[in-house]
Every structure is written in structure tokens, then in C-alpha cells.
Amino acid sequence: MILHLYNTLHRAKMEFVPLDEEHVRVYVCGPTVYDDIHVGNARPIIVFDVLYRLLQEMYPRVTYVRNITDVDDKIMDRAAGRGEGINDLTERTILQFHKDVEALGNLKPSIEPRATDHIDDMIRMIDVLISQRFAYMAEKHVLFHVPTLADYGRLSGRNRGELVAGARVEIAPYKKDPADFVLWKPSTEKQVGWESPWGRGRPGWHIECSAMSTKYFGPDFDIHGGGEDLIFPHHENELAQCRCAHPDSSFVQYWLHNGYLQSEGQKMSKSTGNFYTVKEILGEGEREKMWRGESIRLMMLGTHYRRSLDFTKKGLEDAKRKLDRWYRVLGDFKPEVVSPNEEVMEALCDDLNTPRTLAIMDALCSRISAGREEASEARGSLYAGARVLGLLQYDNEAWFQGVMSTDAYEEGDGIESLIAQRLAARQERNFDAADSIRNTLLHRGVVLEDKPDGTTIWRRTT
RNA sequence: GGCCGAGUGGCAGAAUGGCUAUGCAGCGGAUUGCAAAUCCGUGUACAUCGGUUCGAUUCCGGUCUCGGCCUCCA
């Protein structure tokens, strides 16, 4: 099976050939930890988690690095605004981040480096750039000099003339060239900072990913991913730094970028508050807002990763229903072999075509429940397909009846006793009483199903 | 203004130069005390105008519309 991936650098789908067949290396830009992640931040994490799982199916060893940006002006501003220490803010945010991404069914990355643990690596790289005359000092800043790299702009498909012409931001007077960007900037006494050959200061944004990817992978590696908004300037500048610091290397072989999210048909915007945080969608105790992480995940995978996706409550409901169906069809089935079938692999190997994968799995599901399929084999395929997507990770009972938050629901005992009362009423053919109990439970988010053998099962609606 | 991407049936969303996407919703039926779940059957599409072609939703060009990026936002 050959994996094809859309490479932003070449604007085309290309066959994936790893630099080292024995060890595939993937780097993805992680969060800046000044606030809880929103559903837009969750998309690249889910998408590249699927890529990570797929690569693990195909190659003996995969290293997945996803960084945490814990030094940034937004962090400093937020902490100052709250009168809180920077470490308190970042530690708390990272804790919530880990809860969120786990609830969304993501594997842990192999390495999760933090920017603040790699200041020395950044300083060394900046030093090389200065000594090779790709960077210069000006008013306590160190700046990368863009004209030193002839084909700067190759990744984002723009030239310097366009950049300068379209610049919306005021250009700092100490820049030799308007396109030059910061590698190191000075910190005041009160601001967080580190000693460096250029005085006490802190790194610019782009240098951290360059320094950390180089540290863990060396100057060349396979895949670098992130949201499409990172193409410019972040990834363009990473590329520039790395190619200048390591002139014999081409840095990243495959650049992958996921599309943006909209929210309920509107642009997601922090200023209008038009976005959901992951924490919010996962509920934290409010039943109406409570959604399973897997519902969010499935919804995200229902649209191809490079297209824009409208995040809606209706979409979550659809995803939940689809998962119900899959869980129902599988029951307590656990297969011995969990390799996805060829059809599923083919769809995923076509630039992670998850919508097509889902269609294949729906077809499997229909064939199983219509009794037209050698059930255990089809169930195995369904299970394995779900596994490579990071879905169906719950036990059946936990999915249908489990509580997501301890204080959110009544105990299951109350439900069982009401079901028993209803059964008695039905046996007396007192259907009004029976229906009233069913409605009571429905209002508590519990749906009943009477089975042909006279038993009644129940499940939660969220 | 520059660059990039997209426009598919009621909704979501794939593939494809000629052949059913799929899911949800709808409609008809089976089943059920009623439901729920499940099954069977069923309708609706390819923004627009040209071009290439035996044939285009699919390729090319124009138009319109929408979205994204244009120095620190995934």
C-alpha cells in the first residue's frame, strides 16, 4: 500500500517515501498555553493523530513530536492581566490541555518538548545564523535577514515584493529589510527572560520549532504539520532558519496543513466569542452541553482535513448517532487481529481520506446488521478501521450507560428500578403508567428499548 | 490590492471523463401495546457562461459567490 500525502511545498499529492524506512519522523506544532484550547485547535491534533496511527500501521517505528509553546507574549500578557505567575498559568493550561486531548481520543506524542526547556538550543542556532551572516543585531534584537535567502517564500507561494506591499503591520525602524523577522528580543527587568550573548531576552516565535525539531530529528526529517494559518509566516520562517543554519539539508520533506474551522456557520473569532472550547463541549457537568470526545472526533473526521469544516451542534448529534450504531453493531465483540482491511487502508492512504473511510465503515456496519456478512470478519474490519481513526475506544457499556462526570447523572440503580416498575405496569397492560415512566427517564437523558425477548435495555442520550 | 482554496441533492459530505457514494432528514412498508432499535423499498445534485471531447459534475478559460492568508492566530 502506498501512502500519498498532499505536500504544501509542491501543492500536489505526492507518494510518501520516508528518509528512513525504519524510522518515520513527524513534527507537529502544538499549543501556545495561555488559554484552554478551542475546537479549532483540536482539529490538527486529531488529524495528525490519525496520521500517526496510520504511519504506525505501515512502518516499524514512528516518532511523533508535538511541542508546547510556553514562552510567548500572549502568555506574558495573560499572566500579567490576572496577576498570576507565568509558570502557574502555563502549568494549569498544560494540565487542562492534556485532559482535553486525552478525552478526544488522541495518543500521546512520543515527545512533547517545551520551548522553555530548549532556550540553549535556540541560542546556539541563532548564534550559527549570526556567524553565517544570515542574521544581525539591531537595538538588542536579533533579526533574520530575509534577502539572504534567495527563494524565501517558496512554501507560502509569495515573494518579498508581495509581502512588503501587503504588509498590514507597522515595520520596526531597526529592520534592514521590511520582511526581516525576530529571532531574539530583549526583555525588561520585569519580563521573563534568559541570559544570552545579545543580552537578557527571550526567543522569537519561529526559532523554537526549528531548534526543537533539529534537536530531536536532526536537520532533515519527514513530515511537519500544523494548521494552514501557520504556513505563513511561521513555517516559512522555520524553513528559512533551518535551511540557512544547515545549508546541506532540505529540512522537511512533506509539509501538511489542515483547513480552518468555522463555528455554526460563522467565522470563529475570539473577539466575538464565537467559538467553543474543548472543555466546554466536553461538558464539565452540564448535561445539555455534554458531548463525548469521540463525537467531536468523529465529526472532525467527517470532513477531509484540508477542507474547511463548519463545527455545529447538529454535526455532533449526527456523529453521536453514528457512533451509537457502530457500538451497537459491535456489542462486546473484541477481535483478535486489529489490522484495518484493504479498503480502509486505501482510503486513508489517499491523503487521509477519512470521509471515504467512514463511508466504508458504514457499509460494513449495514452488512453486519442486515446479517449479510460473515459477522466476525466484518466486525473485525469495523473495529480495526475505528481503531486507526482513534474511535470506539470505550467498552460497550461505558459508551451507552457510562457517566461522563460524576455529579451529572443519577445512579444507574434508580434507572433499573424504574425499568422494573415499568415492566410490571406493562405486564398489567397499564400502558399509560409504563409510558409515563419512559418519559420520566427520557427527561433524565435515558432512552429505553424493549427487546423482543421481553427485556428492556437503556442508554444515555449524550 | 496580492496570493491560495472552494462552490455537489433538504442538510452534511466523497469519488469520478460515460457506470448506486455514504450518512442524516423525508416518504412508503415490515416489526412494536406505543416507542426505540433494526430491516426492506424510494425521490432529489453537481454555481454560471463558453471551450475541448463521441460524451463533462469531473479537463481548460471567463463570470459570480464564499472562505483563508498577507509578520507572531491551529
Side-chain angles (χ1 to χ4, degrees), chain A residues 8 11 28-32 37-48 69 72-74 144 146 153 156-159 161-172 175 178-182 185 203-208 225-234 236-237 257-262 265 267-270 298-299 302-304 306-310 312 314-315 317-319 321-322 324-325 328-329 347 350 353-363 365-366 368-372 426 429-432 434-435 438-439 442 447-452 456-459:
Chain A
T8 306
R11 314 252 161 208
V28 172
C29 291
T32 301
I37 59 164
H38 56 65
V39 290
N41 299 311
R43 171 123 96 146
I45 291 167
I46 291 169
V47 163
F48 294 113
T69 300
D72 178 272
D73 286 5
K74 283 193 297 296
F144 184 90
V146 166
S156 55
R158 47 194 97 208
N159 59 52
E162 287 164 13
L163 293 177
V164 175
R168 290 186 305 193
V169 170
E170 209 176 321
I171 294 157
K175 287 187 179 181
D180 292 351
F181 58 89
V182 171
K185 55 182 158 191
W205 179 32
H206 318 298
I207 194 71
E208 63 170 271
E228 66 180 357
D229 57 316
L230 294 182
I231 296 171
F232 189 87
H234 185 52
E236 191 70 71
N237 291 350
H257 295 95
N258 64 274
Y260 242 60
L261 230 67
Q262 288 189 282
K267 180 179 174 169
M268 275 187 45
S269 156
K270 292 224 164 173
L298 177 59
M299 184 195 172
T303 299
H304 183 81
R306 280 193 282 118
R307 301 190 52 153
S308 69
L309 160 64
D310 191 12
T312 61
K314 182 181 179 296
E317 283 163 20
D318 290 351
R321 250 195 304 271
K322 183 170 294 204
D324 281 347
R325 186 167 144 83
R328 195 175 286 123
V329 157
D350 182 14
N353 194 330
T354 52
R356 203 163 97 205
T357 307
L358 300 184
I360 293 163
M361 290 169 63
D362 279 329
C365 193
S366 296
I368 296 165
S369 55
R372 275 195 252 112
R426 288 177 69 217
R429 303 196 66 78
N430 183 354
F431 295 120
D432 285 347
D435 290 349
R438 184 166 58 202
N439 282 330
L442 190 59
V447 180
L448 301 185
E449 285 181 42
D450 297 327
K451 308 296 279 187
T456 297
I457 61 168
W458 63 275
R459 63 190 152 84

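Here the structure is a predicted model, which means the values were calculated and not measured. Lettering follows sequence order; numbering is per chain, from 1.
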For this session: Using a strict cut-off of less than 4.0 Å between a Lys/Arg side-chain nitrogen and an Asp/Glu carboxylate oxygen, indicate whether A:D318 and A:R321 qualify as a salt bridge.
Result: yes

For this session: Could you check A:P31 against A:D350 and say which one's nearest nucleotide on RNA chain B is further toward the 5' end?
Result: A:D350

For this session: Indicate, with a heavy-atom threshold strictly under 4.0 Å, whether A:D435 touches base, sugar-phosphate, or nothing.
Result: base

Exercise. B:rC24, B:rC69, B:rA36: which one has an atom nearest the side-chain heavy atoms of A:E449?
Worked result: B:rA36

Exercise. Are A:R325 and A:S366 close enough that some pair of their side-chain heavy atoms sits under 4.5 Å apart?
Worked result: yes

Exercise. Mapping A:R325 and A:N237 onto RNA chain B by nearest heavy atom, which one lands closer to the 5' end?
Worked result: A:R325

Exercise. Picking from B:rU71, B:rA36, B:rG13, which would you name as closest to the side chain of A:F181?
Worked result: B:rU71

Exercise. Tell me: CZ of A:F144 to P of B:rC72, nearest whole Å?
Worked result: 18 Å

Exercise. With both distances kept under 3.5 Å, what pairs with B:rG7, Watson-Crick or G-U wobble?
Worked result: B:rC64

For this session: Indicate, with a heavy-atom threshold strictly under 4.0 Å, whether A:R426 touches base, sugar-phosphate, or nothing.
Result: base

Exercise. Between B:rG5 atom C1' and A:I231 atom CD1, what is the distance in whole Å?
Worked result: 10 Å

Exercise. Touch check for A:I37, heavy atoms < 4.0 angstrom, all strands: base, sugar-phosphate only, or nothing?
Worked result: nothing

Exercise. In Watson-Crick or G-U wobble terms, both distances under 3.5 Å, what is the partner of B:rC69?
Worked result: B:rG2

Exercise. Would you say B:rC39 has OP1 or OP2 under 4.0 Å from some side-chain N or O of A:S369?
Worked result: yes

For this session: Using atom CZ of A:R43 as one end and atom P of B:rC73 as the other, report the distance to the nearest whole Å.
Result: 20 Å

Problem set entry | C1' spacing across the pair B:rA30 / B:rA45, given as an integer number of angstrom | 30 Å

Exercise. Reckon A:R307 has a side-chain N or O less than 4.0 Å from the OP1 or OP2 of B:rA14?
Worked result: yes

Exercise. According to the Watson-Crick and G-U wobble definitions, with both distances under 3.5 Å, which nucleotide is paired to B:rA15?
Worked result: none

For this session: Output yes when at least one side-chain N/O atom of A:S308 is less than 4.0 Å from OP1 or OP2 of B:rG68, else no.
Result: no

Exercise. Taking the side chain of A:F232 as its heavy atoms from C-beta onward, which of B:rC73, B:rA21, B:rC70 lies nearest to it?
Worked result: B:rC70

For this session: For B:rC46 and B:rC59, measure between their P atoms and round to the nearest Å.
Result: 16 Å

For this session: Determine the interatomic distance between P on B:rU63 and the same-named atom on B:rU22; round to the nearest Å.
Result: 37 Å

Exercise. In whole angstrom, what separates A:H304's NE2 from B:rA14's C1'?
Worked result: 11 Å

Problem set entry | Span that lies between the C1' atom of B:rA47 and that of B:rU57, in whole angstrom | 11 Å

Exercise. Checking all strands, does A:L230 fall into the base, sugar-phosphate, or nothing category for heavy-atom contacts under 4.0 angstrom?
Worked result: sugar-phosphate

Exercise. Going by atom types only, do A:E208 and A:T69 share a side-chain donor-acceptor pair under 3.5 Å?
Worked result: yes

Problem set entry | Rounded distance in Å between the C1' positions of B:rA6 and B:rA14 | 15 Å

Exercise. If only atom types and distance count, is the side chain of A:R43 paired as donor or acceptor with the main-chain N or O of A:G259 below 3.5 Å?
Worked result: yes

Exercise. Of the nucleotides B:rG23, B:rC72, B:rA74, which has the atom closest to the A:K322 side chain?
Worked result: B:rG23

For this session: Report the distance from atom NZ of A:K314 to atom P of B:rA12, rounded to the nearest whole Å.
Result: 8 Å

Exercise. Of all the choices, B:rG33, B:rC73, B:rA37, which nucleotide is nearest to the side chain of A:R429 once you look at every atom?
Worked result: B:rG33

Exercise. What is the pairing partner of B:rG26, taking Watson-Crick or G-U wobble pairs with both distances under 3.5 Å in any strand?
Worked result: B:rU42

Exercise. Touch check for A:G226, heavy atoms < 4.0 angstrom, all strands: base, sugar-phosphate only, or nothing?
Worked result: sugar-phosphate

Problem set entry | Approximate separation, where rounding is to 0.5 Å, of A:R426 CZ and A:D450 CG | 3.5 Å

For this session: Write down the partner of B:rA56 under the Watson-Crick or G-U wobble criteria, each distance required to be under 3.5 Å.
Result: none

Seminar exercise, completed: Regarding the side chain of A:T303, the nearest nucleotide among B:rG13, B:rC72, B:rG67 is B:rG13

Seminar exercise, completed: Value for OG1 (A:T456) from CZ (A:R438), rounded to nearest 0.5 Å, stands at 9.5 Å

Problem set entry | Between B:rG29 and B:rA35 - P atom distance, rounded Å | 13 Å

Problem set entry | Rounded P spacing from B:rG18 to B:rG5 in Å | 24 Å

Exercise. Whole-Å distance between B:rC69 P and A:H234 NE2?
Worked result: 16 Å

Exercise. Reckon A:D229 touches a base, only the sugar-phosphate, or nothing at all at heavy-atom distances under 4.0 Å?
Worked result: base

Exercise. Would you say the side chain of A:R438 and the base of B:rC34 hold a donor-acceptor pair, judged only by whether the two atoms sit under 3.5 Å apart?
Worked result: yes

Exercise. Tell me: OH of A:Y260 to C1' of B:rG5, nearest whole Å?
Worked result: 15 Å

Exercise. Do the non-hydrogen side-chain atoms of A:N258 and A:L309 ever get within less than 4.5 Å of each other?
Worked result: no

Exercise. Is the base of B:rG5 touched by the side chain of A:R306 through a donor-acceptor pair closer than 3.5 angstrom?
Worked result: no

Exercise. Taking N and O atoms by type only, does the side chain of A:D450 place a donor or acceptor under 3.5 Å from a partner on the base of B:rC34?
Worked result: yes

Seminar exercise, completed: Note: A:P355 and A:H304 closest approach over all heavy atoms is CG-N, 3.4 Å

For this session: Measure the NZ-CG distance between A:K185 and A:D73 for me, rounded to the nearest 0.5 Å.
Result: 4.0 Å

Problem set entry | Contact under 4.0 Å: A:R328 side-chain N or O vs B:rU38 OP1/OP2 | yes

For this session: Whole angstrom is fine here: how far is it from CG in A:D362 over to P in B:rG13?
Result: 15 Å

Problem set entry | B:rC60 to B:rG7 separation - P atoms, rounded to the nearest Å | 13 Å

For this session: Pick base, sugar-phosphate or nothing for A:R356, based on heavy-atom distances below 4.0 Å to the nucleic acid.
Result: sugar-phosphate

Exercise. Quick one: which of B:rC72, B:rC4, B:rU71 gets closest to the side chain of A:R11?
Worked result: B:rC4

